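First the structure, in the form of structure tokens, and then the observations on it.
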Amino acid sequence: MEEKIITTENAQPERKKKILSCIQPSGIPTLGNYLGALKNWTKLSSDFDGAFAVADLHAITVRQDPKKLRQQSNEVFALLLAIGLDPEKSIIFLQSQVPAHSQLAWILNCYTQFGEMSRMTQFKDKSLSHADNINVGLFSYPVLMAADILLYQADLVPVGADQKQHLEIARDIANRFNGIYGKTFTIPDPYIGKSGARVMSLQDPTKKMSKSDPNPKSYISVFDTPEQIMKKIKSAVTDSEGGVYYGEGKEGVNNLMSIYSCCTGLTNEQIEAEFQGKGYGDFKVAVAEAVIEELRPVREKFDYYMKDTAELKNLQAKGAETANRIADRTLTKVMKKVGFVIP
Ligand code: ATP
Ligand code: LTN
């Protein structure tokens, strides 16, 4: 057999690994979303082929006001640009503009067991907080999430720690499908950043900070004004002990230290040294100032992108076109394997 000589001309560049992640337009994103997920997306987008979506299909698992949903979807799309994702390098799109997500989710529903879905903690939590609307979509939400990931053959999925269980289900579904039909999907790995992976509520630091929390004092929105940020952090729940150090039973202080660490890059030891002998008052002002500076450029760029609605629509169409092309390729492969007649 003739030996193939690899030269700089015929060498195949090593395939860049792929990442995919999504954020729901279920409210204005919080500091938790930013530090736990979005900040990592921008960092990773230069080393990986990235696809990032506004998960509007996921958002309707909880009742949404149509006007607000549309507005928030545009805002979250503009936010993805504001955090520094480049539409020339990454695919940025609205999930509902790519029908393959719903189509693959239906197929994967038939390869997912009721029992394994019943163990999902997010479903249990949300069933409690939305007891009047425990719909089937809320239950099968992780299957749609698996479809999002598997359509793009993502190697890595950057998410906050709360999504780990959903990632495991996506891997299980992919392995099961591959086991029946031969290799179809890449098995994705979660990417959970070291710091900021779980930012807690400012009012109840045993609960994660959530944009759909009914109490706005519990979260910092990425669009809060400096005055609002200062006020919310000053009224954050701490403890009666008074010392700035990381420890058991000090969830409120631990949370503020972790936020401060994410914004400044300081370690816990450095923070403890900085605030030795000082009270929570000084510490909270420093945390608030660090958060204000962290979010300032995001807010400024967001205002810039929201002004040009025509350009926003244009970028959404461009993102959807590329996403549809990639997603349809995987969907067709799946449909052939399952046995559908392809037109
Ligand atoms: P909701 O609160 O409306 O249920 P959410 O904010 O939990 O929504 P998404 O909008 O889908 O959910 O989250 C987008 C990303 O932000 C996910 O990767 C999620 O893991 C991450 N994230 C959400 N909340 C936090 C938090 N408190 N700390 C760290 N990361 C978070
Ligand atoms: N379920 C996620 C949002 C989400 C997602 C995804 C994240 C929807 N589809 C695909 C990563 C990959 C959440 O609630 N945080």
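For ligands, and for the atoms within them, numbers begin at 1 and follow the listed sequence. This structure is a prediction, so every number in the text was calculated from the model and none was measured.
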Worksheet item: Where is the nearest protein heavy atom to atom 9 (N) of ligand 2: which residue, which atom, and how far?
Response: Asp148 OD2, 2.7 Å

Discussion item. Taking 4.0 Å as the limit for heavy-atom contacts, which would you say applies to Ile23 with ligand 2: side chain only, backbone only, both, or neither?
Written reply: neither

Worksheet entry | Lys17 atom NZ, over 12 foreign heavy atoms within 6.0 Å | no

Practice prompt. Check ligand 2 against Leu20 and write out every atom of the ligand that is under 4.0 Å from a heavy-atom position of the residue.
Written response: 10 (C), 12 (C)

Worksheet item: Is the closest N or O pair between Pro158 and ligand 1 shorter than 3.5 Å?
Response: no

Worksheet, complete the sentence: For Val157, the ligand 2 atoms with a heavy-atom partner under 4.0 Å come out as 11 (C), 12 (C)

Worksheet item: Under 3.5 Å between some N or O of ligand 1 and some N or O of Ala161?
Response: no

Worksheet, complete the sentence: Partner of Tyr152 under ring pair (Phe, Tyr, Trp, His ring centres under 6.0 Å), picked from Phe52, Phe93, Phe185, is Phe93

Worksheet item: Which ligand 2 atoms does Tyr141 reach within 4.0 Å, using its non-hydrogen atoms?
Response: 1 (N), 2 (C), 3 (C), 13 (C), 14 (O)

Fill in: Residues Glu168 and Lys164 bridged, charged N to O under 4.0 Å
yes

Item to complete: Taking only heavy atoms of Ile149 into account, list the atoms of ligand 2 that are under 4.0 Å away from them.
Response: 10 (C), 12 (C)

Item to complete: Answer side chain, backbone, both or neither: which part of Gln163 comes under 4.0 Å from ligand 2, heavy atoms only.
Response: side chain

Worksheet item: Looking at Val159, which atoms of ligand 2 are within less than 4.0 Å of one of its heavy atoms?
Response: 7 (C), 11 (C)

Worksheet item: Backbone or side chain, does any N or O of Gln163 fall under 3.5 Å from an N or O of ligand 1?
Response: no

Worksheet item: When you measure from atom 10 (C) of ligand 2 to every protein heavy atom, which one gives the shortest distance, and what is it?
Response: Cys22 SG, 3.6 Å

